[in-house]
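Before any comments, here is the structure.
Lettering of chains follows the sequences in order, A, B, ..., and the numbering in each one begins at 1. Values reported hereafter were calculated over all heavy atoms of this structure, with side chains retained and with hydrogens, waters and symmetry mates removed. The structure presented is a predicted model; accordingly, all values stated were derived computationally and were not measured.
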2 protein chains.
Amino acid sequence: MTLSDDAHDLIRRDIVNGTLAPEEPLRMDALKTRYGMGFSPLREALNRLQAEHMVIAVPQRGFAVAPVSPALMWDVIRTRIHIETRALEISIMQGDDDWEAAVVSSLHGMLLQARRLAEQECPTEDDFRCMEDRHRRFHRALIDACGSNWLLDFAAKLYFNSERYRFAALAGSIRGTVGRNVQDEHRRLADAATARDTARATELLTHHYLETGRYLESVLAVPQSENTVSD
Amino acid sequence: MTLSDDAHDLIRRDIVNGTLAPEEPLRMDALKTRYGMGFSPLREALNRLQAEHMVIAVPQRGFAVAPVSPALMWDVIRTRIHIETRALEISIMQGDDDWEAAVVSSLHGMLLQARRLAEQECPTEDDFRCMEDRHRRFHRALIDACGSNWLLDFAAKLYFNSERYRFAALAGSIRGTVGRNVQDEHRRLADAATARDTARATELLTHHYLETGRYLESVLAVPQSENTVSD
DNA sequence: GGCAATCAAATTTTCGAAAATATATTCCCA
DNA sequence: TGGGAATATATTTTCGAAAATTTGATTGCC
């Protein structure tokens with residue numbers, strides 16, 4: 001792993017969790033100090049992040065964190081639904097025992113960490129990072145048997161972009177599901193997938209994302225208050 | 001426009017038209033000489049191209065042109081159909097007069113250049129470049145009113161990747177229309193789109209890409225020299 | 001006072017050398 | 001002769017300085 005890879009992961013994380021605010025200019029000197037490396041790996045990382053819609057670049061004027069807005073959020077969500085429902089269909093059709101095992105396993109790991117997080121009174125940064133990671137792995141496991149590098153890559157890029165909105169809504173209050181049990185949605189989704197019920201699985205996935213979108217929209221419309229968060 | 005942008009476009013072009021062969025290692029010194037610039041803009045370009053599946057990077061071992069294979073080609077084509085039929089549906093639904101005008105206009109420009117190219121006995125490099133450009137613009141115009149940056153960006157990335165196979169088949173012989181009239185397919189596609197016949201337009205688009213795939217597969221099956229065999 | 005033009009400071013972009021890492025070759029010894 | 005450390009070479013990766021460009025401030029002019 002090179003320094004560029006580190007820079008890529010670190011900057012992306014800081015953009016996703018809002019440490020680097022939307023539209024904030026990214027000055028090379030500041031980045032150099034913050035991440036403790038030279039120009040080259042930083043610029044290489046920013047060039048990759050540009051292709052992933054995490055930053056924008058204006059020639060001779062440097063980079064800035066990509067903006068966020070309800071319209072942009074819905075575009076991400078709709079596109080994600082279009083990509084992932086397709087990938088899920090194929091996965092359900094083609095997935096073997098290993099795929100099923102990975103779905104069950106990643107679901108279990110995520111639920112364990114979700115419970116741990118809920119019981120903990122003062123979770124550490126690492127606890128959240130672990131939860132985030134297992135959540136990502138679960139959604140990836142569902143579609144992992146689709147056999148298309150392109151669909152998987154697009155899904156990954158959309159995932160990180162949509163996470164920006166979850167984290168934005170998280171600012172202030174930590175946990176909480178309003179009117180719905182997100183982990184239960186995950187469980188039912190995994191059940192439908194392993195039961196090879198394509199129609200139900202894609203419907204649950206679509207509903208899962210749309211509900212999250214509606215919720216985030218409502219939370220982001222009234223910022224800075226005591227908010228609760230779902231996914 | 002920065003040197004990095006130039007490098008990005010130049011290297012991509014050389015990969016698409018096969019000047020840089022699939023899986024060929026990209027040594028920094030050679031690139032420096034070939035493109036007449038320093039390490040920085042070259043590496044920045046390569047990092048972007050990596051995110052676009054045009055090159056692959058192995059840490060500490062540099063970059064190489066991304067491989068090609070029938071399996072990879074079909075993945076690109078299937079994904080492209082999935083993305084573009086969706087974008088086309090929305091475009092047809094939402095496109096205004098300007099969209100229709102752009103479709104008609106870009107079709108016309110492409111047909112003009114296609115005829116010019118067919119009549120010319122010894123077309124220049126620029127003639128081909130112009131044709132390639134107008135072809136790309138036509139396909140972009142069709143979906144341009146979909147209103148989704150993500151769909152348009154994915155379509156663009158898939159376009160350049162699929163062009164690699166067209167150029168590979170083109171190596172040696174110039175004109176690649178056997179048993180079908182490609183420009184007529186384009187015309188009928190534009191007609192269906194501007195007539196707002198969604199079902200027919202998406203059907204024609206799908207057929208257009210599948211036929212191209214079948215044709216390329218047959219041509220690439222018996223090439224002159226060594227074949228890259230991967231998954 | 002308004003408005004260019006000019007200069008100074010800040011910032012991005014690019015370069016070539018240096019450091020780190022991989023690959024090839026040589027040499028030694030059983 | 002063959003295996004394997006040791007060395008040499010080739011290549012990637014990273015750094016900090018230099019060049020190019022933008023931004024902000026100041027001055028001079030009408």
Distance, rounded to the nearest Å, where [X] contributes [atom1] and [N] contributes [atom2]:
X     : N      : atom1 : atom2 : result
B:D5  : C:dT12 : CG    : P     : 16 Å
A:M1  : C:dA20 : CE    : C1'   : 17 Å
A:M37 : C:dA20 : CE    : C1'   : 15 Å
B:M28 : D:dT14 : CE    : P     : 12 Å
B:Q60 : C:dT21 : CD    : P     : 6 Å
B:D29 : D:dT12 : CG    : P     : 7 Å
B:R43 : C:dA20 : CZ    : C1'   : 12 Å
B:L46 : D:dT12 : CG    : C1'   : 12 Å

Report which part of the nucleic acid A:S40 touches: base, sugar-phosphate, or nothing (heavy-atom distance under 4.0 Å, all strands).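 Base contact - A:S40 has a heavy atom under 4.0 Å of at least one base atom.
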Across the strands shown, which category fits B:L26 at heavy-atom distances under 4.0 angstrom: base, sugar-phosphate, nothing?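 Answer is sugar-phosphate: B:L26 comes under 4.0 Å of backbone atoms only.
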Nucleotide nearest [X] when distance is taken to its side chain, options [options]:
X     : options                : value
A:R61 : D:dT22, C:dA22, C:dC15 : D:dT22
A:L3  : D:dT14, D:dT13, C:dT11 : D:dT14
A:P41 : D:dT13, D:dT11, D:dC15 : D:dC15
B:R27 : D:dT12, C:dT12, C:dT14 : D:dT12

Salt bridge present between B:K157 and A:D153 (N-O < 4.0 angstrom):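 No, this pair does not count.
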Electrostatic pair B:R137:B:D133 at N-O distance under 4.0 angstrom: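 So B:R137 pairs with B:D133 through a salt bridge.
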Toward the 5' end of DNA chain D, which comes first, A:P59 or A:G36, by nearest nucleotide? A:G36
B:M73 CE to B:Y165 OH distance, which is reported to the nearest 0.5 Å: 7.5 Å
Aromatic ring pairing A:H139/A:H186, orientation class (parallel under 30°, perpendicular over 60°, tilted between):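 Ring orientation, 0 to 90° scale: perpendicular.
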May I ask you to check whether A:S162 and A:R80 show a side-chain donor-acceptor distance below 3.5 Å?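 There is such a pair (donor and acceptor under 3.5 Å, judged by atom type) between the side chains of A:S162 and A:R80.
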Please check the phosphate of C:dT14 (OP1 and OP2 only) for any side-chain N or O of B:S4 closer than 4.0 Å. yes
